[in-house]
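Since the structure is predicted, the reported quantities are computational estimates derived from the model, not experimental observations.
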Amino acid sequence: AEASLKLVAITDAHPGLRPPMLPRALALLTEGYLEGGRPDAAAIALERLFLVEKDLDERIAIAERLSKLATETLHDRELALRVLRAWTALDPTDLTPQIRLVPLLREEGLTDELLDILDTLSLDPMDGGQYALEAARLLFESGDAKASLFRLRDRASFDERCRDAMLEI
């Protein structure tokens, strides 16, 4: 752990320096911090690891782990939002980070971004109805009944909940 700390300190002092063992050093620091009961320091090391890791699959795995740490242990919404947004940008086809963004965006009142995510999630043939309903509800509550109906229209032919919601509007 001490060698990892020294390597990280050297790279901090020389921002252009990225030794090949830096990701491994950050991974070791992360584990050491978690084992030592310092999830806040582990999150910092994991976020740095996310930034220096080049392999896409590894970056996605790091983002997933960091987002869980941020939401479940640290209750750090800002970090969770940042990581989930980055994860979504890395792999827009993976709905997992977008699903995890929904409650955070809702709690933060970030309605425009929430509507964008809900629109994407509503395309899912299995679970899209619940997201279309939520988007429609948000729009209806903001006074835009026409846009609310539009969000439900495409799913109403095969999703009874959306059809019923359209009738109520």
If you take all heavy atoms of [X] and [Y], which pair is closest and at what distance?
X    : Y    : value
Y33  : A42  : CB-N, 3.6 Å
L133 : A165 : CD2-CB, 3.6 Å
T71  : A80  : CG2-CB, 3.4 Å
P39  : L34  : CA-CD2, 4.2 Å
S148 : A136 : OG-O, 2.8 Å
D144 : A147 : OD1-N, 3.1 Å

Q: Output yes when a side-chain donor or acceptor of E64 lies under 3.5 Å from a complementary backbone atom of W87, and no otherwise.
A: no
Q) Hey, is the main chain of L139 close enough, under 3.5 Å, to the side chain of R151 for a donor-acceptor pair? A) no
Should [X] and [Y] be regarded as members of a common hydrophobic cluster, given that ILVMFWY residues are connected when their side-chain heavy atoms come within less than 4.5 Å of each other, either directly or indirectly?
X    : Y    : answer
L49  : L51  : yes
L167 : L152 : no
L69  : I44  : no

Which distance, rounded to the nearest 0.5 Å, do you find between the [atom1] of [X] and the [atom2] of [Y]?
X    : Y    : atom1 : atom2 : result
E134 : L114 : CD    : CG    : 5.5 Å
D116 : T88  : CG    : OG1   : 11.5 Å
E108 : L101 : CD    : CG    : 11.0 Å
L105 : L81  : CG    : CG    : 6.0 Å
R48  : L22  : CZ    : CG    : 7.0 Å

Q) If you count the non-hydrogen atoms of other residues, nucleotides and ligands that lie under 6.0 Å from CD in E160, is the total more than 12? A) no
Q. Would one find more than 12 heavy atoms of other residues, nucleotides or ligands at under 6.0 Å from atom CD of E107?
A. yes
Q: Would you mind checking if E31 and R65 are paired as a salt bridge, meaning a charged N to carboxylate O distance below 4.0 Å?
A: yes
Q: Please check if any side-chain donor atom of S67 sits under 3.5 Å from a side-chain acceptor atom of R100, or the reverse.
A: yes
Q. Between the side chains of T96 and D94, is a donor N or O closer than 3.5 angstrom to an acceptor N or O?
A. yes
Q | Audit row: Y131, T120, side-chain contact (heavy atoms from CB on, under 4.5 Å) steps and yes/no | A | CA-CA 9 Å; Y131 300 111; T120 299; over 6 Å; no
Q. Does the side chain of L121 come within less than 4.5 Å of D127's, by heavy atoms?
A. no
